[in-house]
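Within every chain, numbering begins at 1; the chains are lettered A, B, ... in the order of the sequence lines, protein sequences first and strands thereafter.
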2 protein chains.
Amino acid sequence: MNETQNQDRLYQDLARRLMGELASGRYAVGDRLPAERELSLTHAVSRPTVREAIIALEVQGLVEVRVGSGAYVRRLPGRDDIPGFGITAFELTEARMMFEGEAAALAASQISDEELGQLDQLVQDIAAENQAPGGSEQADRAFHLAIARAGRNTAVFNTIEALWNLRANSPESALLHAKARTANVKPVVEEHAAIVAALRTRDPAAARAAMRAHLAAVLDYLLFATEEQAIAAARREIDAKRRRYAGTAG
Amino acid sequence: MNETQNQDRLYQDLARRLMGELASGRYAVGDRLPAERELSLTHAVSRPTVREAIIALEVQGLVEVRVGSGAYVRRLPGRDDIPGFGITAFELTEARMMFEGEAAALAASQISDEELGQLDQLVQDIAAENQAPGGSEQADRAFHLAIARAGRNTAVFNTIEALWNLRANSPESALLHAKARTANVKPVVEEHAAIVAALRTRDPAAARAAMRAHLAAVLDYLLFATEEQAIAAARREIDAKRRRYAGTAG
DNA sequence: TCCGAAAACCGGCCTGACCAATTGCATTCA
DNA sequence: TGAATGCAATTGGTCAGGCCGGTTTTCGGA
């Protein structure tokens, strides 16, 4: 048993364990959870703590509490609770290529001169950010969201923003991106500048093409980074085998 | 005082009130909430209840609790808590036109014969659904999500699904769509069939065009429905004025 | 003026208790 | 025999009070 990686409060620990039991299929939708008093015994915590944990589940819509009856499973925890789960960096980037391309096309017909100026500034910020060691992706994110915002469509903006949040939540994705970014500073800046230039012409097709080109390049970087990773892994494996059989051969 | 519309538990009532105070701008991000003991006095509840309410806010990411220090505002309740809030039916449909068009293009290069067969069936379901009085949009939703799924990209599928959920959450949107749908049964079925036909050719550009054409038509329906609504509203207003001034004139 | 220790404050968690809603079972009546 | 009724056990709802350990503030000494 991984007895409670601490640092959280007890109720969070309990809530996580209960969520795990839900995810494990131990309970079906509609089933009743054990009573609060019973849970407090089986999990060795007080009833108030059990209540807090159940409330945490309730707020997330996982269970429904009926007075005098019990807590019932309303839905099972799924990918909604783990945004980005099961999504690879490639899928995410492909989705961004498709959707941000359209967002850029929309922005081309709506963007103001002031917003174009802000994008110019953001391109410079990206350049600075990429040269700094261990730089963040703050400016990069701001750049893409500014374009999405320029389309003047809340649904579009929310969608693009959600994709970026997804990216932050996916550890695999973040790692790959960081790796890919370090090697290719100049191209990234040029691509972003090209997007701004296309937007400045107010040509939707050109803006779409520039954005897609940029993200297609990102996709390439990712591929490259993955290959390197795969090669390194393969090399390690071969070395291990070599060592293992060294005794046999000698 | 709106003394507690009951039926919920106390903690929910308190949590709602606290959320209201956050929304009212009384606290800024980073501010500290009153201490638990203080809240229990000012709101006339026990400390456990206050704790439960604060946990409800914490689970939603609204506040962050620091041991020995207090509960701090992490973000203000906004559109994140009411998905679809502030998004008009037009924005949503425009976003769908852009994004589902791309999803259809992706699907064209990935879809299997079996999936094409399922789409054929769904087109028939949509026809049946639209003829039934007060029919739902179940088949319509299933049709569009099936196409999104056929692209074999989880991020893309999740995005399209999120847009459909948004649609369900927006009352204004649902109303308008219901109104628009009743008047135009045949075209809708034909448009869906055309999308399947385009997918069957495996031509991304054709699939994109068919999907965009369909949603552009939906946009037109919406416009029409809105105009009718606006005209009716204007007529009511004129009538009201007429009645108001009838006494003056007579 | 600066620093460190004590005190005040704050959340974390527990015990024990009582109330109200629900539910299941046994009793009772038709 | 079957349905209606009433009671008791179970369950969540809430409270009071208390102790602990971490954080912040304060105040006196260096």
Kindly indicate, with the supporting measurements, whether the criterion side-chain contact (heavy atoms from CB on, under 4.5 Å) is fulfilled by A/Gln118 and A/Glu114.
CA-CA 6 Å; A/Gln118 291 169 355; A/Glu114 189 188 347; 3.7 Å; yes

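- When the nearest nucleotides of DNA chain D are assigned to A/Ser69 and A/Pro48 by heavy-atom distance, the more 5′-ward of the two goes with A/Ser69.
- One finds no salt bridge joining A/Asp13 and A/Arg9 here, because no Lys/Arg side-chain nitrogen approaches an Asp/Glu carboxylate oxygen to under 4.0 Å.
- Counting non-hydrogen atoms under 4.0 angstrom, A/Arg66 reaches the backbone sugars and phosphates but no base.
- If you take CG of B/Leu10 and P of C/dA21, they are 13 Å apart, rounded to a whole angstrom.
- Atom pair B/Tyr72:OH and D/dT23:C1' shows a separation of 9 Å (rounding to whole Å applied).
- The CZ-C1' distance, from B/Arg32 to D/dT23, rounds to 11 Å in whole Å.
- Side-chain nitrogen and oxygen atoms of A/Arg51 include none within less than 4.0 Å of the OP1 or OP2 phosphate oxygen of D/dG12.
- Here the P atom of nucleotide C/dG12 and the CD1 atom of A/Ile55 are 14 Å apart, to the nearest Å.
- Among the duplex regions that DNA chain D forms, those built from at least three successive Watson-Crick or G-U pairs under 3.5 Å are C:1-30 with D:1-30, ordered by first number.
- Distances shorter than 4.0 Å separate some side-chain N or O of A/Ser46 from OP1 or OP2 on C/dC14.
- The B/Arg37 side chain lies nearest to C/dC10 when the options are C/dC10, D/dG12, C/dT22.
- Between the CD1 atom of A/Ile54 and the C1' atom of D/dG13 there is a distance of 12 Å, given to the nearest Å.
- Remark on DNA chain C: of its neighbouring residues B/Pro34 and A/Ala44, the 5'-side contact belongs to B/Pro34, judged by nearest-heavy-atom nucleotide.
- For the side chain to side chain contact (heavy atoms under 4.5 Å, CB included) with B/Met98, the qualifying choice from A/Leu106, A/Asn153, A/Thr159 is A/Leu106, the only one to do so.
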Checking B/Tyr11 against A/Glu52 for the side chain to side chain donor-acceptor pair (under 3.5 Å) test, could you report, in this order, the C-alpha distance in whole Å, the side-chain angles of both residues, the deciding distance, and whether it holds?
CA-CA 11 Å; B/Tyr11 93 84; A/Glu52 292 175 351; over 6 Å; no

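- Whole-Å rounding puts the B/Arg47 CZ to C/dC13 P distance at 11 Å.
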Under the side-chain contact (heavy atoms from CB on, under 4.5 Å) criterion, do B/Tyr27 and B/Leu18 qualify, and how do the steps go?
CA-CA 10 Å; B/Tyr27 301 102; B/Leu18 289 177; over 6 Å; no

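- Taking atom CZ of residue A/Arg9 and atom C1' of nucleotide D/dC20, one finds them 16 Å apart after rounding to whole Å.
- Taking 4.0 Å as the cut-off between side-chain N and carboxylate O, A/Glu94 and A/Arg96 do not count as a salt-bridged pair.
- Salt bridge status for A/Arg152 with A/Glu115: present, with a side-chain N to carboxylate O gap under 4.0 Å.
- Of the listed nucleotides (C/dC14, D/dC15, C/dG11), C/dC14 has the atom at the smallest distance from the side chain of A/Thr49.
- Between B/Leu39 atom CG and D/dC15 atom P there is a gap of 13 Å when expressed in whole angstrom units.
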